[in-house]
Amino acid sequence: MARRPHLLLSLLTASALIAGACSRGDDASEGAQTPQEPTPTTVASDATTTSTTEATTTTLQRLAPGPGGDEVGDPLFAGLGNSGYDALSYDITLNLTGEELRATTVVVLEPTVPLNEFNLDLVGMEVDRVTVNSQAANFTRTGRELVITPAANIPLGTRATVTVEYRGTPTTIEDPSGPIDLGWHTESWGTFVASEPLGGATWFPSNDHPSDKATFRITVTVPAGQVAAGPGVLIDRQDTSEASTFVWQMSDPMATYLASVVTGDFAISTSSGPDAVTIRNVLPTDDAARLLPALSSTNEMLEEFSRIFGPYPFESYGVVAIPQPLTFALENQTLSLFDTQFLTLRRRTVENVLAHELAHQWFGNHVSPAEWDEIWLNEGFASWADHYWTELDGGTTFEERAERARPLNLRPPTEVTPATMFDATVYLRGALTLEALRRTIGDGNFFQLLQAWSDTYGGSSATTEDLLDLIREREGAEAAAVVRAWAFDDIMPELPPRLG
Ligand code: ARG
Ligand code: ZN
């Protein structure tokens with residue numbers, strides 16, 4: 001199979017930048033989906049039964065429990081996620097020992113309106129049974145929606161435990177922004193997950209949107225001899241002569257698109273990193289010895305990034321490398337996804353992308369985008385971090401990158417469509433936006449600002465306006481204006497000179 005250029009690497013060369021910026025930019029407006037009005041999810045406290053539509057809706061919600069909506073109202077992706085509740089935890093049990101995947105997902109949720117009906121996102125798979133608080137519930141399927149009607153209403157101020165039993169062979173979803181199949185992949189050598197942005201719903205029912213993060217427990221049973229790795233910490237492993245069961249616990253909030261599992265003939269090598277972070281890398285057993293040295297800079301990167309971004313936000317970190325070419329790498333929470341071939345490229349190239357995915361653990365994973373059109377808060381920040389690492393290492397400088405970007409007429413990084421959300425505008429102009437801020441306020445203030453960003457919005461989701469507010473509060477209106485121009489103006493500003 002021909003190897004396509006690596007997504008992130010192709011963003012590193014000027015020619016690829018031009019190709020990316022032009023060809024993707026051109027069809028972008030047509031590919032855009034119509035923004036949807038968010039479904040109201042809160043009940044106004046002082047509603048009365050009078051004239052306006054809003055008041056009527058509110059009153060109806062009060063008198064008769066209303067249904068949860070079938071989307072959160074994401075500006076890029078209609079139909080994504082659901083309204084009417086907040087998911088608190090997912091307990092996913094997967095059995096991979098048979099012909100097809102047999103699974104149970106238990107979602108604990110808190111209603112934000114009284115619910116007599118609500119949706120989870122699920123694509124494909126056969127649903128056998130749904131219960132809500134242990135009582136059988138009716139359900140129907142339509143598109144990505146699993147519509148559930150519980151036997152009893154779910155009142156405000158309570159929690160509901162929703163159990164979905166399902167099975168089948170997961171199908172992937174086409175990537176609206178490039179040639180990646182999203183979701184759960186079944187391969188000859190095993191399985192892996194690459195979901196960003198839409199693929200989470202291919203393997204577990206959820207509120208599939210980064211504005212609703214939750215904790216996860218993922219239990220996977222595989223045939224004896226195979227290994228299953230997932231996010232967080234391995235809290236249990238049981239082996240019989242036929243099968244092995246692995247239980248992975250992610251105790252910090254995680255967006256559904258960052259949840260992952262990989263299974264196959266892998267070796268998990270565990271070591272201790274700085275600040276008691278557990279490092280576990282998951283490499284094909286027969287290739288582990290050759291590939292492990294490529295990951296030797298992890299501790300050093302963790303130390304440097306913890307110094308400038310604040311403490312690493314999770315209990316563990318590591319990389320999984322799959323024995324199949326990918327055109328990208330992905331920052332799955334605490335277990336970044338790579339392919340084995342990529343790890344054999346020259347050191348600086350590998351380290352650049354390792355730094356990028358590690359930085360996403362703070363930016364994207366700990367602080368997640370409130371909506372998908374805020375994607376530069378992920379990619380601009382992670383790109384700034386990989387540029388910083390490369391510059392420290394004596395490679396390409398920020399000035400050189402700004403020079404290359406100049407003739408490309410990059411759009412503002414806040415202006416994206418499903419087709420352009422991972423292009424050079426978002427990565428490169430996004431990174432230069434932060435570099436411009438760094439040069440305006442100086443390294444010390446800039447690093448403290450990044451730490452404040454991670455502290456304030458960690459565990460949750462944020463917007464560009466949240467970032468601008470934080471900058472204004474800490475550094476004043478002028479610094480915020482610099483970032484606003486980089487983030488929103490049609491013309492890309494000049495990179496200020498380096499301070500000191
Ligand atoms: N977040 C990934 C990275 O920058 C890129 C994901 C690309 N996803 C896609 N659907 N095209 O490392
Ligand atoms: Zn990225």
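Keep in mind it's a predicted model, so treat the numbers as computed, not measured. Whatever order the structure lists ligands and atoms in, that order sets their numbers, starting from 1. The first residue of the sequence shown is numbered 1, and numbering continues consecutively from there.
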Donor-acceptor side-chain pairing of [X] and [Y] below 3.5 angstrom:
X	Y	answer
D265	T285	yes
R411	T420	yes
E379	H356	yes
T390	N352	yes

So which bit of N378 gets within less than 4.0 Å of ligand 1, heavy atoms only: side chain, backbone, both or neither?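 It is neither part, as no heavy atom is under 4.0 Å.
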When the side chains of residues 431-449 are checked against the rest of the protein, which donor-acceptor pairs come out under 3.5 Å, sequence neighbours left out?
from: T433; atom 1: OG1; to: R429; atom 2: O; distance (Å): 2.6
from: E435; atom 1: OE1; to: W384; atom 2: NE1; distance (Å): 2.9
from: E435; atom 1: OE1; to: R438; atom 2: NH1; distance (Å): 3.1
from: E435; atom 1: OE2; to: R439; atom 2: NE; distance (Å): 2.7
from: E435; atom 1: OE2; to: R439; atom 2: NH2; distance (Å): 3.3
from: R438; atom 1: NE; to: D443; atom 2: OD1; distance (Å): 2.8
from: R438; atom 1: NH2; to: D443; atom 2: OD2; distance (Å): 3.4
from: R439; atom 1: NH1; to: E399; atom 2: OE2; distance (Å): 3.0
from: R439; atom 1: NH1; to: P496; atom 2: O; distance (Å): 3.0
from: R439; atom 1: NH2; to: E399; atom 2: OE2; distance (Å): 2.8
from: T440; atom 1: OG1; to: A436; atom 2: O; distance (Å): 2.7
from: N445; atom 1: ND2; to: I441; atom 2: O; distance (Å): 3.0

Residues 315-322 side chain polar contacts: donor-acceptor under 3.5 Å, at least two apart:
from: S316; atom 1: OG; to: G232; atom 2: O; distance (Å): 2.8
from: Y317; atom 1: OH; to: S336; atom 2: OG; distance (Å): 2.7

Any [X] heavy atom less than 4.0 Å from ligand 1:
X	result
V353	no
F328	no
H360	yes
G178	no

Regarding atom 6 (C) of ligand 1: of the candidates E196, E379, E174, which has the closest heavy atom?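 The nearest heavy atom belongs to E196.
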To which of Y427, F422, F338 does the heavy atom nearest atom 3 (C) of ligand 1 belong?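 Going through Y427, F422, F338 one by one, Y427 has the nearest heavy atom to atom 3 (C) of ligand 1.
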If I apply the N/O under 3.5 Å rule, does A329 come out as touching ligand 1?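 N/O-N/O distance under 3.5 Å: yes.
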Within ligand 1, which atoms have a heavy atom of L182 less than 4.0 Å away?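 Ligand 1 atoms under the 4.0 Å threshold to L182: 10 (N).
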Where ligand 1 meets H356 - atom numbers and elements under 4.0 angstrom, heavy-atom basis: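 So the atoms of ligand 1 that pass are 3 (C), 4 (O), 12 (O).
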F216 versus A259, closest heavy-atom pair with distance: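 Minimum heavy-atom contact is CE2-CB, 3.9 Å.
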Does the shortest distance from the Zn ion (ligand 2) to an N/O/S atom of E357 fall below 2.8 Å?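 No, since none of the N, O or S atoms of E357 sits under 2.8 Å from the Zn ion (ligand 2).
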Considering only NZ, NE, NH1 and NH2 on the basic side and carboxylate oxygens on the acidic side, decide whether R348 and E351 come within less than 4.0 Å.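 Not counted as a salt bridge, because no side-chain N and carboxylate O are separated by less than 4.0 Å.
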